**Q** 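Input: one structure, supplied below.
Letters A, B, ... mirror the listed sequences (proteins, then strands); counts begin at 1. Computed from a prediction, not measured in an experiment: that's the story for all the values here.
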There are 2 protein chains.
Amino acid sequence: MSSSYHHGSLASALLDAAGEELSATGIEAFSLRSVAKRAGVSHGAPAHHFKGKNGLLTALAAAGYKELVDVQNEHQKTAKSEELAQLVASGIGYIDFAMKNPELFRLMFASSKPDRSDDDFSAASRAAFDKLVGEIRSILGADPYSDRAAMTQVMASWSMVHGLAELVISGRMEIPFGFSQLNQQDREAIFEDILVRALKRN
Amino acid sequence: MSSSYHHGSLASALLDAAGEELSATGIEAFSLRSVAKRAGVSHGAPAHHFKGKNGLLTALAAAGYKELVDVQNEHQKTAKSEELAQLVASGIGYIDFAMKNPELFRLMFASSKPDRSDDDFSAASRAAFDKLVGEIRSILGADPYSDRAAMTQVMASWSMVHGLAELVISGRMEIPFGFSQLNQQDREAIFEDILVRALKRN
DNA sequence: ACTTAATTCTAGACACTGTCAAGATATATG
DNA sequence: CATATATCTTGACAGTGTCTAGAATTAAGT
């Protein structure tokens, strides 16, 4: 191979390296120069593929939303087909994703670094949101986009699962439940017990 | 005044300056040197009062938990004395605090910068948690620290209010509700509608 | 009161960071 | 095959947090 000068697929290599960097050092110590070093290129190379550090993080977050939906779909495959069970499985997938990618999760939801006006980012995040909208529509038989009560149910369910995910990955389930010593079955039982409360019952 | 060399109360002055810096520039651009400049001292001065940048942020977060409880108590004063109404008022105070101090809120809950083993921090955050524990105890008549179902209720309520707060301050209530164009009364009606769902009913 | 110790603050250095500009190198185009 | 474009390197710049040495002020000890 005569040319190691032109990488060929630096963009995706940088995305991979950025993912590792994010998981390893956390978002608050995330360094663009370190990512470049990880990918074996100079510190100026990433500028030709992403709009600076935040541009790279934006792309990383966009990919995160797609991965989030994938994880949710995987959990739903092993659940009952009944609508409520599917919603719970979707929620547990949401939390599972957060637990496996806590720094990425924070980047996606609790950071101002990603550029939310970016097309990829907004499309991917919108797709994740619309997945929940569809699940609520199945349960209530009303379209949240035209039925305010149904949209309130969407936001209640999102609030519950998102808040629970945040509390889990920030270690706030330790004191109440000794969470890290529980097996997965017991954890999911707690998740389900909590998540179903978000549904309004009459 | 012959001496402007020794400040006299630099610690609290730095805390004030840090609060302004946090609100103005956000946590991700928070600069210790900028805080020192804001307080009118050299960039090395803060080291004599806090354990570096993270030490200052730890103290700021600890003060945030006390302020959080204060805001919750204020909201409860204007609410009915009935236990459920008090819990809802506490939750709305939680969200109100997050809306008025979004960067501080993120520092307290979604950042790894504060040192959670710090005595002040852990005491203040524990006090805020125990306030919720007390409210659930009043409603259920069972002590969450000895009744697992009651503790589950604590975490469900916390998840709901915390998730809702996160979604609000990250602008996720805009598309569903056009949130920024609502008046406070309509907003609080949505909050209450969502928050009460966290309670398990039989 | 006077000397000594401890605290508080400044100033400079160090290794980092992200971004920008200039130039070298490889690929694509005509 | 010459030219243009895309890609990558290198160096510079201002900014960051932290450390060290020393100056200025206050506190402590006798």
Side-chain angles (χ1 to χ4, degrees), chain A residues 1-61 103 106-107 111-115 118, chain B residues 1-61 103 106-107 111-115 118:
Chain A
M1 181 86 57
S2 64
S3 75
S4 67
Y5 199 96
H6 278 54
H7 186 284
S9 56
L10 226 198
S12 66
L14 283 171
L15 266 180
D16 292 347
E20 297 173 16
E21 170 87 356
L22 188 66
S23 300
T25 72
I27 183 180
E28 303 185 332
F30 183 93
S31 157
L32 181 57
R33 289 173 101 108
S34 174
V35 170
K37 189 171 294 181
R38 214 182 266 267
V41 292
S42 76
H43 67 265
H48 296 271
H49 299 276
F50 300 96
K51 294 175 188 166
K53 178 185 180 180
N54 284 4
L56 177 55
L57 290 173
T58 300
L60 206 58
E103 299 292 338
R106 288 251 167 87
L107 173 68
S111 172
S112 60
K113 290 184 188 299
D115 174 15
D118 175 81
Chain B
M1 181 89 55
S2 64
S3 74
S4 66
Y5 200 96
H6 280 53
H7 186 285
S9 56
L10 225 201
S12 65
L14 283 171
L15 265 181
D16 292 347
E20 297 172 16
E21 171 87 356
L22 188 66
S23 301
T25 71
I27 183 181
E28 302 185 334
F30 183 93
S31 157
L32 182 58
R33 289 171 102 108
S34 174
V35 170
K37 190 171 294 182
R38 214 181 265 268
V41 293
S42 76
H43 66 266
H48 295 272
H49 299 275
F50 300 95
K51 292 174 189 165
K53 179 184 179 179
N54 285 3
L56 178 54
L57 289 173
T58 300
L60 206 57
E103 299 291 339
R106 289 251 168 85
L107 173 69
S111 172
S112 60
K113 290 183 188 296
D115 174 16
D118 175 81

**Q** How long is the line joining CG of A:L32 and C1' of D:dG15, in whole Å?
**A**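 Interatomic distance, CG of A:L32 to C1' of D:dG15: 16 Å.
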**Q** Just how far, in rounded Å, is P of D:dG17 from CZ of B:F50?
**A**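 Taking atom P of D:dG17 as the reference, CZ of B:F50 is at 15 Å.
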**Q** Rounded to the nearest Å, what distance is computed from the NZ atom of residue B:K53 to the P atom of nucleotide C:dT17?
**A**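 Rounded to whole Å, this separation is 14 Å.
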**Q** Any side-chain heavy atom of B:S34 sitting closer than 4.5 Å to one from B:T25?
**A**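 In short, these two side chains do not touch, never coming nearer than 4.5 Å.
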**Q** Please report, rounded to the nearest Å, how far the P atom of D:dT25 is from the NE2 atom of B:H48.
**A**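 From B:H48 NE2 to D:dT25 P: 15 Å.
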**Q** May I ask you to verify whether the side chain of B:R33 and the base of D:dG17 hold a donor-acceptor pair under 3.5 Å?
**A**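 Such a pair exists between side chain and base.
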**Q** Quick check: do A:P46 and A:V35 have side-chain heavy atoms less than 4.5 Å from each other?
**A**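 Sidechains of A:V35 and A:P46: no contact.
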**Q** Using atom NE2 of A:H49 as one end and atom C1' of C:dG18 as the other, report the distance to the nearest whole Å.
**A**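 Nearest whole value for this atom pair: 17 Å.
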**Q** Please list, by residue number, the residues of residues 23-31 of chain A whose heavy atoms come closer than 4.0 Å to an atom of DNA chain C; answer none if no residue qualifies.
**A**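 A:F30, A:S31 - these, ordered by number, are the residues of the stretch whose heavy atoms sit under 4.0 Å from the strand.
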**Q** Could you tell me how far apart A:K37 (NZ) and C:dG18 (P) are, to the nearest whole angstrom?
**A**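 Roughly 11 Å, once rounded to whole Å.
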**Q** Should the side chain of B:H43 and the base of C:dG12 be counted as holding a donor-acceptor pair, with the cut-off at 3.5 Å?
**A**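 Result: at least one qualifying N/O pair found.
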**Q** Let me know the distance between NZ of B:K51 and P of D:dC19, rounded to the nearest Å.
**A**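 Taking atom P of D:dC19 as the reference, NZ of B:K51 is at 13 Å.
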**Q** So what does B:G52 touch, heavy atoms closer than 4.0 Å: a base, only the sugar-phosphate, or nothing?
**A**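 Answer is sugar-phosphate: B:G52 comes under 4.0 Å of backbone atoms only.
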**Q** I want to check something: taking the side chain as every heavy atom from C-beta on, are A:F30 and A:L56 in contact at a cut-off of under 4.5 Å?
**A**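 Yes, their side chains come closer than 4.5 Å.
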**Q** Between P on D:dT16 and NZ on B:K113, what's the gap in Å once rounded to a whole number?
**A**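 Nearest whole value for this atom pair: 14 Å.
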